[in-house]
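The structure under discussion appears below in the form of structure tokens.
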Amino acid sequence: MSLKKHAVVIGNPIPAHNLSPFVSLGKFLKLASEIYQGVDVLVAEAPDAKIAENVSFSRIKCPRTGSKIKRVLAFAGAEINYFFKALKLVKKDDDVYFWIGDKMLLPFFAAKLKGGKISFFLLISDPAQFKGNRLSTAAFSYMLRRSDYICVEGKSVLKNWGFAEKSIRNIHLFYEAADNECLKPADCINIGFLGRLSSEKHPLEVINSFSALSENSGVKLRLDILGDGPLLEECRRAVESSGARESIQLCGWVSHEEIFDYLKSWHFFILPSDTEGLPNSLLESMAFGVVPIASPAGAIPDVVTDGQNGIIIKSNDEVTIGSALNAAVKLENREQLSENAVTTVLESYSFSAALKQFINELGL
């Protein structure tokens, strides 16, 4: 039974080369569809996907090809289109969610003009890691300050921001694996990296530290690297020059459905990151009993407790990552940590748990 009448969800254009934002958005929309009678979604270039009967997409064109001037003009045109669509869709006191919507200044004004109650999702934990020009940074800061609520996926995201507690809504997502039966090999320890191949995710440090460990540990190891990004070629060169290149697989971009096949075989999931919200990959991997080795970024400390259901790495340099990997492969209680990881997500990050949390944060 729906508890509220109407919500509008607004987000940045979805890049064709990276659909992971749409995976997260889809999960949020599934939760919202259980609470609201109707949910309207304004996201340019959104894939054609059916979320629920009461979720409607207004798809806006925003091509990202051609010269820089053409791309800027296309984005400006899309945002104007957003503005007028938001004016039509938003009604007074509607809940309006900006999900990865840091560039959506004009529809933000439209929502304000129509009297919507704006909730802005803060999905990065470190203000210094917001990447944009001065104009986009100013827009991002303005929207944060002028929103009625700041939404986070875990209270630890707020550590570096300093917002008043009364304006915060803690709305987290959920794991989605329907079948978490695992096929982990006994003769090899499999380690997985899943994320954008960019400097803030430290894939090169992972490759180099794994290579050193693989050559000296005396244990059979394998590293799967799933993802694409600006460091792909550097990662490829690092693998080719590594003495452990036969044990490292650069898999490139992998669809959300295919990721589960990898998770079933992994023992550890390595996640060094400078800034995070609550990574989908963390919840999905833990549901398969994959022990996380992760930085304390964003909401990760709300999920991972060092030595109980995972390993927290204090720094993202090669030495620290290498030490954490070395300790992981020598763990005598790996099975217990694996069981605890599954228990954590089953109890606290299932769909029903996430929905209950959402309803509580809305005061319903």
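Keep in mind the model is a prediction, meaning the values are calculated, not measured.
Ring geometry for Y262 versus W266: interplanar angle of 30 to 60°, hence tilted. Using bins of under 30°, 30° to 60° and over 60° for the plane-to-plane angle, the ring pair H172/Y349 lands in the tilted bin.
I191 and L226 fall into different hydrophobic clusters, where Ile, Leu, Val, Met, Phe, Trp and Tyr side chains are chained together by heavy-atom contacts under 4.5 Å. Under the 4.5 Å side-chain heavy-atom criterion for grouping Ile, Leu, Val, Met, Phe, Trp and Tyr, V8 is connected to I150 within one hydrophobic cluster. Following chains of ILVMFWY side-chain contacts shorter than 4.5 Å, one can reach M143 starting from F75, so the two form part of one hydrophobic cluster. A chain of hydrophobic side-chain contacts below 4.5 Å, direct or via other Ile, Leu, Val, Met, Phe, Trp or Tyr residues, connects W99 to L29. Both I168 and V157 sit in one connected hydrophobic cluster of ILVMFWY residues. Membership requires side-chain heavy atoms under 4.5 Å apart, directly or through other members.
Residues forming a salt bridge (charged side-chain N to carboxylate O under 4.0 Å, His left out) with K30 (at least two apart in sequence, or on another chain): E176. Residues passing the salt bridge (charged side-chain N to carboxylate O under 4.0 Å, His left out) test with K4, sequence neighbours excluded: D95. For E276, the salt bridge (charged side-chain N to carboxylate O under 4.0 Å, His left out) criterion is met by K201, not counting sequence neighbours.
Rounding to the nearest 0.5 angstrom, the gap separating the CG atom in L106 from the NZ atom in K85 is 15.0 Å. Once rounded to the nearest 0.5 Å, the distance linking CG of L31 with CG of L355 reads 6.0 Å. Here CG of N81 is found 11.0 Å from CD of E79. Values are rounded to the nearest 0.5 Å. Atom-to-atom distance recorded for L204:CG and S199:OG is 9.5 Å, nearest 0.5 angstrom. One finds the CD1 atom of I359 at 5.0 Å from the CG atom of L3 (value rounded to the nearest 0.5 Å). In this structure, OG on S285 lies 14.5 Å from NZ on K264, to the nearest 0.5 angstrom.
S295 places a side-chain N or O within 3.5 Å of a backbone atom of S273 that can act as its donor or acceptor partner. Counting only distance, with no hydrogens or angles, the side chain of N216 and the backbone of A212 share a donor-acceptor pair below 3.5 Å. No donor-acceptor pair closer than 3.5 Å links the side chain of D224 to the backbone N or O of Q249. Of the possible donor and acceptor atoms, one in the side chain of H267 sits under 3.5 Å from a partner among the backbone N and O of P185. Although no hydrogens or angles enter the test, the distance criterion places no donor-acceptor pair under 3.5 Å between the side chain of S338 and the main chain of R334.
C188 has its side chain within reach of R222: a pair of non-hydrogen atoms, C-beta onward, lies under 4.5 Å apart. Residues R71 and K68 meet the side-chain proximity criterion, which asks for heavy atoms closer than 4.5 Å. I313 places a side-chain heavy atom less than 4.5 Å from the side chain of N316. Counting heavy atoms from C-beta outward, L89 and K114 have side chains that stay 4.5 Å or more apart. Put simply, the side chain of F121 reaches to within 4.5 Å of the side chain of I171, judged on heavy atoms. Under the 4.5 Å side-chain criterion, counting only non-hydrogen atoms from C-beta, S24 is in contact with L173. You'll find the side chain of F268 reaches within 4.5 Å of the side chain of I189, heavy atoms only. Contact of the I35 side chain with the L364 side chain is registered, since non-hydrogen atoms from C-beta on lie closer than 4.5 Å.
Using a cut-off of 4.0 Å between Lys/Arg side-chain N and Asp/Glu carboxylate O, E246 and K220 are scored as not salt-bridged. Ion pairing between K91 and D93 fails under the 4.0 Å rule for side-chain N and carboxylate O.
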Begin with the C-alpha distance, continue with both residues' side-chain angles, and end with the deciding distance and a verdict on ring-ring contact (aromatic ring centres under 6.0 Å, His included) for Y97 and F28.
-> CA-CA 10 Å; Y97 296 94; F28 175 70; 5.2 Å; yes
Derivation and outcome, salt bridge (Lys or Arg N to Asp or Glu O under 4.0 Å), residues R237 and E240 | CA-CA 5 Å; R237 288 194 293 270; E240 287 301 317; over 6 Å; no
CA sep, side-chain torsions, deciding dist, call: E215, R245, salt bridge (Lys or Arg N to Asp or Glu O under 4.0 Å) | CA-CA 10 Å; E215 292 171 22; R245 58 183 174 274; over 6 Å; no
Could you please spell out the steps behind the side chain to side chain contact (heavy atoms under 4.5 Å, CB included) verdict for S265 and N190?
-> CA-CA 7 Å; S265 68; N190 292 343; 4.0 Å; yes
Given side chain to side chain contact (heavy atoms under 4.5 Å, CB included), test L42 with F57 step by step and report yes or no.
-> CA-CA 6 Å; L42 287 176; F57 283 86; over 6 Å; no
L331/I311 under side chain to side chain contact (heavy atoms under 4.5 Å, CB included): CA gap, chis, key distance, verdict = CA-CA 11 Å; L331 276 177; I311 298 170; 4.0 Å; yes
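Checking each of T343, N340, T344 against N309 for a side-chain hydrogen bond (donor to acceptor under 3.5 Å, both in side chains) leaves exactly one that passes, namely T344. Of the residues listed (F98, F140, F120), the one engaging F108 in a ring-ring contact (aromatic ring centres under 6.0 Å, His included) is F98, and it is the only one.
Taking all atoms of both residues into account, the shortest heavy-atom contact from N280 to K27 is OD1-NZ, 2.6 Å. Taking each heavy atom of A244 and S242 in turn, the nearest pair found is N-OG, 2.8 Å. Closest of all the heavy-atom pairs between C235 and L197 is SG-CD1, 4.4 Å. Contact record, P292 with V304: CG-CG2, 3.8 Å, taken as the closest heavy-atom pair. Contact detail for Y175 and S350: the closest heavy-atom pair is CE2-CA, 3.7 Å. Residues E153 and N170 come closest through the heavy atom pair C-OD1, 3.4 Å.
Applying the 6.0 Å contact sphere to NZ of K61 captures no more than 12 heavy atoms from other residues, nucleotides or ligands.
Between F174 and F351, the distance from one ring center to the other falls under 6.0 angstrom. Between F109 and F83, the distance separating the two ring centers is not shorter than 6.0 angstrom. Residues Y36 and H6 keep their aromatic ring centres 6.0 Å or farther apart.
Sorted by first and then second residue, the ring pair (Phe, Tyr, Trp, His ring centres under 6.0 Å) pairs with a member in residues 196-251 form an empty list; sequence neighbours excluded.
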For residues 318-326, tabulate all N or O donor-acceptor pairs below 3.5 Å that involve a side-chain atom, not counting sequence neighbours.
{"from": "E318", "atom 1": "OE2", "to": "N208", "atom 2": "ND2", "distance (Å)": "2.9"}
{"from": "T320", "atom 1": "OG1", "to": "D317", "atom 2": "OD1", "distance (Å)": "3.1"}
{"from": "T320", "atom 1": "OG1", "to": "D317", "atom 2": "OD2", "distance (Å)": "2.9"}
{"from": "S323", "atom 1": "OG", "to": "V319", "atom 2": "O", "distance (Å)": "3.0"}

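With a 4.5 Å cut-off between side-chain heavy atoms of Ile, Leu, Val, Met, Phe, Trp and Tyr, the cluster of I69 takes in L73.
Using a 3.5 Å distance cut-off with no hydrogens or angles, the side chains of S255 and E258 do pair a donor with an acceptor. For N12 and D102, the side-chain atoms include at least one donor-acceptor pair closer than 3.5 Å.
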